[in-house]
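Take a look at the structure below.
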Amino acid sequence: MLLPRVVAVALAVRSAAAVEVEVGADGALHDVAARASKDAAYPMDAASRRFGAQLLASRLNASDLDGDFDRVVRPALLGACGLRDERRARPGKGNTGHCFADWNHVDCCTMALETADSENRGKVAGIAASNFLGDGIRAASVEALGDGGSWCTCTMGSAKSPPGDVCHVQFNARPAFKVVWCPEDLGRFVVVDDAGNKLAQGRPTGRLPPADQRRANAREFANSKYSLPCRPRASASSGAI
């Protein structure tokens, strides 16, 4: 089950890192230090939740990410992000059936709940003017991962400097991770943090996102820090594109 795994990993990681943790009345983990030290660049970042999501992602292995995409891989990515695998709810009310299933909804955004109702209002070109996600965030987020909420936000604009995607701009937070399909091998993807460091990789089977969606994803990240782990080790170290 997702919930025990989230709690077990989060507790183990925080204990190993000597992070001060409170267990709230709701049973969720609350990282005192992270709450006290806000990211000046992205003040609505849910740092403790992001940290937990990154650790969960880094512990995904071949049994999680090389299996059937719809039945195994996508639920594993949702679980690492602190999201429920919910396919029956109405869109906008907690349905996560689209998450990690196309080229664009591939960012695991972990944000403070006070910003969950933020709207786009033209901040990200190509995204709906409202792009109201608050109800879905509250309904789908797994509380045990820590303070804040999670959502699979649009990665469009990631390659800009600074990044111009929904998580960074609309929610003023840092993505815990992004899923990047590799341009030279569209059957493989990497999971990277906001600095472009590889957390995990997968070669799923079964019904993958359509090839044009995977190709569009690879184009979005082309020549950015996020695509570096896709490249051969020699090319990445030499700086070749």
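This is a predicted model, so every value here is computed, not measured.
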Check whether any side-chain heavy atom of [X] lies under 4.5 Å from a side-chain heavy atom of [Y], and answer yes or no.
X	Y	result
Ser141	Arg49	yes
Arg207	Phe69	no
Leu83	Leu77	no
Leu113	Ile137	yes
Cys109	Val166	no
Asn172	Met111	no
Phe171	Asp45	no
Asp185	Arg203	yes

Can you check whether [Y]'s main-chain N or O pairs, donor with acceptor, with [X]'s side chain at less than 3.5 Å?
X	Y	value
Thr96	Glu86	yes
Arg84	Ala139	yes
Thr155	Val106	no
Glu220	Asn104	no
Ser227	Ala222	no

query = Which pairs, with at least one residue in residues 187-223 and sequence neighbours excluded, count as a ring pair (Phe, Tyr, Trp, His ring centres under 6.0 Å)?
reply =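 Passing the test, one end in residues 187-223: Trp181-Phe189, Phe221-Tyr226.
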
message = Quick test of your reading of the model: are Glu184 and Arg214 salt-bridged, counting only N-O distances below 4.0 Å?
response =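 No, no charged N to carboxylate O under 4.0 Å.
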
Which pair of heavy atoms, one from [X] and one from [Y], lies closest together, and at what distance?
X	Y	value
Arg74	Ala101	CD-CB, 4.0 Å
Pro204	Gly187	CD-O, 3.6 Å
Leu65	Leu60	CD1-CB, 3.8 Å
Pro229	Arg188	O-NH2, 3.6 Å
Lys198	Val190	CD-CG1, 4.0 Å

task = Using the side chain to side chain contact (heavy atoms under 4.5 Å, CB included) rule, take Trp151 and Cys167 through it: C-alpha gap first, then chi angles, then the decisive distance, then the call.
result = CA-CA 9 Å; Trp151 196 247; Cys167 189; over 6 Å; no

How long is the gap from [atom1] on [X] to [atom2] on [Y], to the nearest 0.5 Å?
X	Y	atom1	atom2	value
Ser150	Glu143	OG	CD	10.0 Å
Leu145	Leu56	CG	CG	6.0 Å
Thr153	His168	OG1	NE2	9.5 Å
Met156	Trp103	CE	CH2	4.0 Å
Arg138	Leu133	CZ	CG	10.5 Å

By salt bridge (charged side-chain N to carboxylate O under 4.0 Å, His left out) - contacts of Asp68 (at least two apart) =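 Applying salt bridge (charged side-chain N to carboxylate O under 4.0 Å, His left out) to Asp68 gives Arg71.
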
task = Might you work through the side chain to side chain contact (heavy atoms under 4.5 Å, CB included) test for Asn217 and Val180, ending with a clear yes or no?
result = CA-CA 7 Å; Asn217 173 280; Val180 179; 4.3 Å; yes

ask   = Is it true that Leu78 and Val72 fall in one hydrophobic cluster, defined by side-chain heavy atoms closer than 4.5 Å?
value =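 No, separate clusters.
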
request  = Give every residue pair that meets the salt bridge (Lys or Arg N to Asp or Glu O under 4.0 Å) criterion with at least one member in residues 168-178, sequence neighbours excluded.
outcome  =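 Checked against salt bridge (Lys or Arg N to Asp or Glu O under 4.0 Å) - neighbours excluded - the pairs reaching residues 168-178 are Asp39-Arg174, Asp107-Lys178, Asp165-Lys178, Arg174-Asp194.
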
message = Can you confirm whether Arg88 is buried at CZ, in the sense that more than 12 heavy atoms of other residues, nucleotides or ligands lie under 6.0 Å from that atom?
response =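 Not more than 12 within 6.0 Å, no.
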
request  = Kindly determine whether Cys99 and Cys152 satisfy disulfide bond (SG atoms under 2.5 Å apart), including the steps that lead there.
outcome  = CA-CA 6 Å; Cys99 294; Cys152 57; 2.0 Å; yes

